[in-house]
Amino acid sequence: MVDILQLATANLVSPVILCFALGLVAALARSDLSVPEAAAKALSIYLLFAIGFKGGVSVAGYGLDGTLILTLLLGIALSAVLPLIAFYLLQVLSGLDRLNAAAVAGHYGSISIVTFVAATSVLEKYGIASEGYMVAVAAIMEAPAILSALWLVSRGSDSSARMDATLWREILLNGSIVLLVGSFLIGMATGEDGLKEIESFIVSPFKGVLCLFMLDMGLLAGRSLAKSRKSISIGLLAFGVLMPLIGASIALPLGFALGLSSGGTVLLMVLSASASYIAVPAAMRVALPEADPGVYLTLSLGVTFPFNLTLGIPLYVAAANFLFS
Amino acid sequence: MVDILQLATANLVSPVILCFALGLVAALARSDLSVPEAAAKALSIYLLFAIGFKGGVSVAGYGLDGTLILTLLLGIALSAVLPLIAFYLLQVLSGLDRLNAAAVAGHYGSISIVTFVAATSVLEKYGIASEGYMVAVAAIMEAPAILSALWLVSRGSDSSARMDATLWREILLNGSIVLLVGSFLIGMATGEDGLKEIESFIVSPFKGVLCLFMLDMGLLAGRSLAKSRKSISIGLLAFGVLMPLIGASIALPLGFALGLSSGGTVLLMVLSASASYIAVPAAMRVALPEADPGVYLTLSLGVTFPFNLTLGIPLYVAAANFLFS
Amino acid sequence: MVDILQLATANLVSPVILCFALGLVAALARSDLSVPEAAAKALSIYLLFAIGFKGGVSVAGYGLDGTLILTLLLGIALSAVLPLIAFYLLQVLSGLDRLNAAAVAGHYGSISIVTFVAATSVLEKYGIASEGYMVAVAAIMEAPAILSALWLVSRGSDSSARMDATLWREILLNGSIVLLVGSFLIGMATGEDGLKEIESFIVSPFKGVLCLFMLDMGLLAGRSLAKSRKSISIGLLAFGVLMPLIGASIALPLGFALGLSSGGTVLLMVLSASASYIAVPAAMRVALPEADPGVYLTLSLGVTFPFNLTLGIPLYVAAANFLFS
Amino acid sequence: MKAYKAKRVEIIIETPMQSRLTDALVKAGVTGYTLLPVLGGQGRSGPWTREGEVSRAGGMTMVLCIVRQEKLDTVLDTAFAIVEKHIGVVSVTDCDVLRAERF
Amino acid sequence: MKAYKAKRVEIIIETPMQSRLTDALVKAGVTGYTLLPVLGGQGRSGPWTREGEVSRAGGMTMVLCIVRQEKLDTVLDTAFAIVEKHIGVVSVTDCDVLRAERF
Amino acid sequence: MKAYKAKRVEIIIETPMQSRLTDALVKAGVTGYTLLPVLGGQGRSGPWTREGEVSRAGGMTMVLCIVRQEKLDTVLDTAFAIVEKHIGVVSVTDCDVLRAERF
Ligand SMILES: Nc1ncnc2c1ncn2[C@@H]1O[C@H](COP(=O)(O)O)[C@@H](O)[C@H]1O
Ligand SMILES: Nc1ncnc2c1ncn2[C@@H]1O[C@H](COP(=O)(O)O)[C@@H](O)[C@H]1O
Ligand SMILES: Nc1ncnc2c1ncn2[C@@H]1O[C@H](COP(=O)(O)O)[C@@H](O)[C@H]1O
Ligand code: NA
Ligand code: NA
Ligand code: NA
């Protein structure tokens with residue numbers, strides 16, 4: 001227990017978390033502090049590129065072990081199944097109608113890449129190694145959850161989910177997936193030599209860039225909380241905290257059973273515990289326009305994201321530590 | 001004297017100054033060279049974050065000495081009083097009406113954070129230490145001057161100054177103050193450990209980023225000079241050069257008396273000598289819409305800023321050196 | 001021959017090239033991956049500043065040798081004459097009308113600074129030194145080609161080329177020329193001392209930034225290919241590959257005769273071989289509005305740029321190696 | 001200068017729907033359209049802004065489409081079918097255009 | 001497609017005043033508004049551009065507000081009270097809107 | 001609120017031509033204009049977008065110019081002379097403005 005508390009405290013006073021807090025406070029105090037949209041997008045391109053590339057280089061170095069395929073399949077399964085659990089939990093905890101519950105559920109099957117990145121840098125700090133291909137697992141977990149969400153809606157009588165080929169292409173070829181997978185492959189192809197060439201761009205300044213991105217995430221989270229506070233009931237709030245714990249608890253034994261390292265298992269837990277706020281919301285606006293973004297964005301960005309960032313990640317690290325030692 | 005000249009010359013051939021000069025020349029020659037607005041804002045976020053964070057870390061390291069509170073109070077006093085002097089000087093030197101004179105005066109009580117940043121890197125170059133909390137003094141000096149300016153206007157019969165609660169909130173919670181103070185507190189909380197994590201983002205590339213920002217400042221200064229040359233009389237020009245010298249001369253003995261280090265005193269001089277071009281203009285557009293931005297922006301950005309950058313800072317360093325040794 | 005192949009292969013698996021390929025594939029697959037306009041411009045400002053500055057520093061270090069003036073004159077001559085050759089070649093290879101042929105020809109006399117930058121980092125990788133002032137040659141080669149293109153048009157009866165003083169100013173003072181020449185002069189003025197101050201900004205992360213810029217170039221090239229595939233005939237395609245080879249072949253003996261180093265000769269070849277996609281297209285929209293951008297942009301960005309990047313540069317290096325050893 | 005009567009259709013639509021709308025407009029026979037960025041706004045679903053956003057989900061785009069009067073109904077039907085379930089605003093103004101052959 | 005008459009009010013206002021204007025418009029009963037970025041321009045106070053700006057002071061924003069005809073006067077009075085002493089432009093156009101219940 | 005009749009001229013023009021157009025408009029006697037950014041669009045010359053662009057060549061800018069009715073013809077002639085050989089769109093709408101003395 002002490003261990004967790006220490007981890008959590010150490011985690012809380014890191015620049016990364018405090019930058020998030022600064023953004024949150026600034027937005028709630030209605031400061032006009034803001035990161036230009038183009039700069040925020042540039043920061044996210046940098047982070048995706050760096051994290052994908054480093055994952056690829058690490059795979060090039062240590063080779064692909066047999067568990068890669070299995071972990072990818074597990075990722076798909078988790079992404080597809082977690083929404084069903086989330087949907088059920090939402091009906092127990094909140095009065096959300098089928099449509100909105102399905103939309104929210106879709107977000108929790110998918111993943112938040114910034115939570116993943118934050119977890120990676122916590123692991124690094126404690127010298128815990130992890131499989132480089134977890135980046136590929138992250139990429140593959142983005143989309144299946146959307147399907148599950150639409151299936152959940154289509155079971156209802158008043159089905160209005162719209163899924164067409166264009167939407168499929170948009171989801172599978174959305175910028176962040178393409179960049180993550182692409183830079184992963186580039187990292188694999190160029191290996192350590194490639195890394196050496198661009199190390200002082202993607203490795204050394206990485207954490208500082210993450211700080212600025214977290215500032216922006218804090219601003220977004222604060223703004224969405226300030227705007228949609230009313231649409232988030234106690235039940236939904238409870239969901240936003242419980243669901244990541246459930247996701248992580250499911251991922252933990254599975255990662256262990258599959259033979260992932262303790263670091264890899266933590267990352268799988270983080271992927272399961274985190275909720276999308278980029279790819280899924282965009283898909284939902286097209287496929288389920290009647291669902292209220294105030295609900296799903298606020299839950300994902302304003303509740304679950306900060307929870308994972310502050311308490312979740314140290315908890316998952318401690319739990320994996322416990323199981324693996 | 002030789003010392004000052006040397007300092008000034010060495011200062012003038014630094015990449016930071018030359019980048020400013022490049023921007024100035026490009027704008028005056030009507031080149032279409034420009035930095036996108038989003039990029040300029042991103043650069044300023046970086047600079048504010050880095051300077052605040054490093055200030056905080058240095059306070060965490062050396063502790064808060066007793067003079068902090070006094071220096072903050074002194075900062076408030078300087079920011080409030082300098083506009084009165086500026087107002088008087090303007091009436092002596094130029095035919096500016098009360099409204100415009102008050103608006104200009106407000107800019108000179110407040111501060112220019114880029115001038116502050118430029119001074120910091122000159123100090124660093126010469127290995128002159130300064131109090132980390134000067135960053136907090138910079139933040140606290142932003143707003144009081146605005147009040148003084150509005151008070152100066154309200155004394156006139158045709159008062160049209162408008163100050164409401166919203167404007168107050170906007171001034172006190174404006175993005176740059178929040179970011180500067182916030183990152184200062186983050187630096188204080190995380191200390192050297194935090195700095196180590198993000199050092200290669202906020203320390204090593206700092207000066208290079210400053211160069212690009214100065215290029216943009218040069219473009220802005222040049223554009224404002226090209227546009228408003230006519231509205232700047234000889235009297236106003238003299239004011240733009242005299243006022244910083246007066247501000248610095250007032251700050252010098254006060255900093256010394258308060259027991260600030262020589263570096264800290266230089267920074268206090270720079271804060272007093274510099275004129276705002278971000279926070280105050282925005283406030284003036286709301287509170288004194290009839291005042292002409294062509295006058296106050298051109299003076300602040302086109303005259304006083306380059307003066308401080310090129311001649312002022314070395315002069316202040318030399319003066320402090322002289323007094324402290 | 002083995003040498004070239006090795007060079008080409010090593011070149012192909014570098015992160016820089018693969019990032020270009022990623023962008024190309026993403027655009028052709030119609031992914032929504034994109035770099036915000038402001039970010040792309042910021043990246044290009046960084047690259048121009050860094051390459052100009054480093055060129056200037058290297059001139060400050062090794063001094064200006066007598067060939068500088070001659071090389072500049074040669075650059076002007078190449079830029080002015082290559083369009084004539086290109087124009088003739090286009091009439092042989094394609095059915096392009098006079099107007100469009102002249103517009104395309106203008107692009108090939110001018111230069112692509114990113115190709116130049118990419119070549120520089122290939123040279124660096126192999127430890128091949130080059131004259132720092134080649135940056136100035138790059139700058140001077142931007143504009144003369146535009147004149148030649150307009151002259152080619154004006155010879156036709158239905159002359160509609162419009163060249164006025166404003167356009168002249170726009171071309172000669174266009175942002176990239178001013179920034180390149182300006183930072184070159186700054187580098188010359190501040191020398192190694194200046195470089196040391198900003199080295200960790202403009203040297204270490206350079207290649208990483210280039211990667212992201214190449215990603216964007218790939219996206220642009222892919223988009224322009226996807227859009228204008230139909231307007232590019234086999235003849236034009238052949239031109240897009242032949243013309244750089246011709247340009248480089250002309251530059252090789254001239255660089256050698258002039259006494260340039262082998263690295264400098266490679267850069268001169270690259271400048272001759274590359275086609276503009278920033279300055280010239282903008283000038284053509286004003287001066288030759290009836291020419292089809294789908295033709296000249298696609299050729300320059302979609303055909304010649306990738307050709308130089310992947311096969312051209314290693315070929316030029318190998319050819320210069322052969323001649324100089 | 002001879003000017004011709006036409007209709008200026010202005011549609012503010014969620015960014016993720018924009019390509020669907022413009023593809024449909026082109027199918028419906030418009031000769032062109034122009035996209036303008038939108039910074040933020042407010043409506044029944046509350047205020048929003050693009051500042052700091054990474055996702056396209058929350059934003060809106062303005063689609064401006066100038067059409068001949070006789071095409072207006074087709075264009076509005078097309079637009080309506082797409083914006084129907086979505087938030088967004090469609091407005092039509094009379095205008096005069098130069099170079100009528102372009103529309 | 002049934003369309004309804006409405007008024008399209010377009011206000012170009014200094015960015016630091018934008019939130020005051022839109023707050024006032026909402027109080028005056030408009031159902032929504034849209035903010036468009038402005039790159040630059042020229043007027044009696046000379047030319048300006050947003051390029052490279054860090055401060056919000058020098059820029060302008062376009063506020064677009066579609067209102068029912070009967071609300072127009074209230075909206076214009078509100079707008080005028082705020083832009084009165086400020087630089088900026090207010091224009092009103094007749095327009096037709098779909099989904100009138102939204103306005 | 002007293003409003004005055006005026007004309008709202010909206011010109012979508014290639015960015016490299018913008019300064020020529022606005023210089024000419026000012027010479028032709030307009031009291032001001034406003035520049036709006038354009039994200040992308042489609043026309044006879046195909047679709048385009050500003051995303052990732054470094055060159056100004058491929059983009060367009062919207063020039064908005066409110067003029068008194070009596071100046072309209074001069075303004076349109078001026079605009080036409082410049083956009084004539086270029087891609088781009090010119091449209092004119094009737095509008096009411098506040099503060100007529102500004103135009
Ligand atoms: N009356 C209006 N005038 C202008 N824009 C509006 C209006 N109503 C809504 N909008 C825009 O449409 C978006 C969605 O509106 P709504 O569907 O009412 O939430 C808003 O955020 C505004 O950008
Ligand atoms: N006639 C006009 N048409 C369009 N925009 C205008 C006009 N006059 C002024 N503006 C805009 O309003 C701003 C301020 O105008 P002014 O108050 O005349 O300086 C200008 O910079 C333009 O952006
Ligand atoms: N009917 C239209 N409505 C709105 N914008 C148009 C229209 N036609 C063309 N445009 C704009 O003008 C640009 C050039 O059109 P074009 O000259 O037809 O290629 C397009 O890319 C659009 O941005
Ligand atoms: Na998840
Ligand atoms: Na001051
Ligand atoms: Na060339």
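In what follows, chains carry the letters A, B, and so on, assigned in the order in which the sequence lines appear, proteins first and then strands, with residues in each chain numbered from 1.
Contact annotation: the side chain of E:Met62 approaches that of F:Leu64 to within less than 4.5 Å [non-hydrogen atoms, C-beta and beyond].
For the atom pair CG (E:Leu39) and OG1 (F:Thr61), the distance works out to 6.5 Å, reported to the nearest 0.5 Å. Separating the OG1 atom in E:Thr93 from the CG atom in F:Asp96 is a distance of 8.0 Å, to the nearest 0.5 Å.
Using a 4.0 Å cut-off between charged side-chain N and carboxylate O, F:Arg8 and E:Glu10 make a salt bridge.
Of all heavy-atom pairs between E:Pro37 and F:Pro37, the closest is O-CD, 3.3 Å.
There is no contact between F:Val63 and chain E, counting heavy-atom distances below 4.5 Å. Residue contact with chain E, scored on non-hydrogen atoms closer than 4.5 Å, involves the backbone of F:Thr31 exclusively. Contact annotation for F:Phe103: only side-chain heavy atoms (C-beta onward) come within less than 4.5 Å of a heavy atom of chain E. Interface remark: E:Val83 contributes backbone and side-chain atoms alike to the contact with chain F (heavy atom separation under 4.5 Å).
Taking F:Thr22, F:Val30, F:Thr34, F:Ile66 one by one and counting their heavy-atom pairs under 4.5 Å with chain E, the maximum is reached by F:Thr34. Contact count against chain F (heavy-atom pairs under 4.5 Å) is highest for E:Val90 among E:Val90, E:Val89, E:Leu36.
Within the 3.5 Å criterion, the main-chain N or O of E:Glu84 finds a donor-acceptor partner in the side chain of F:Arg99.
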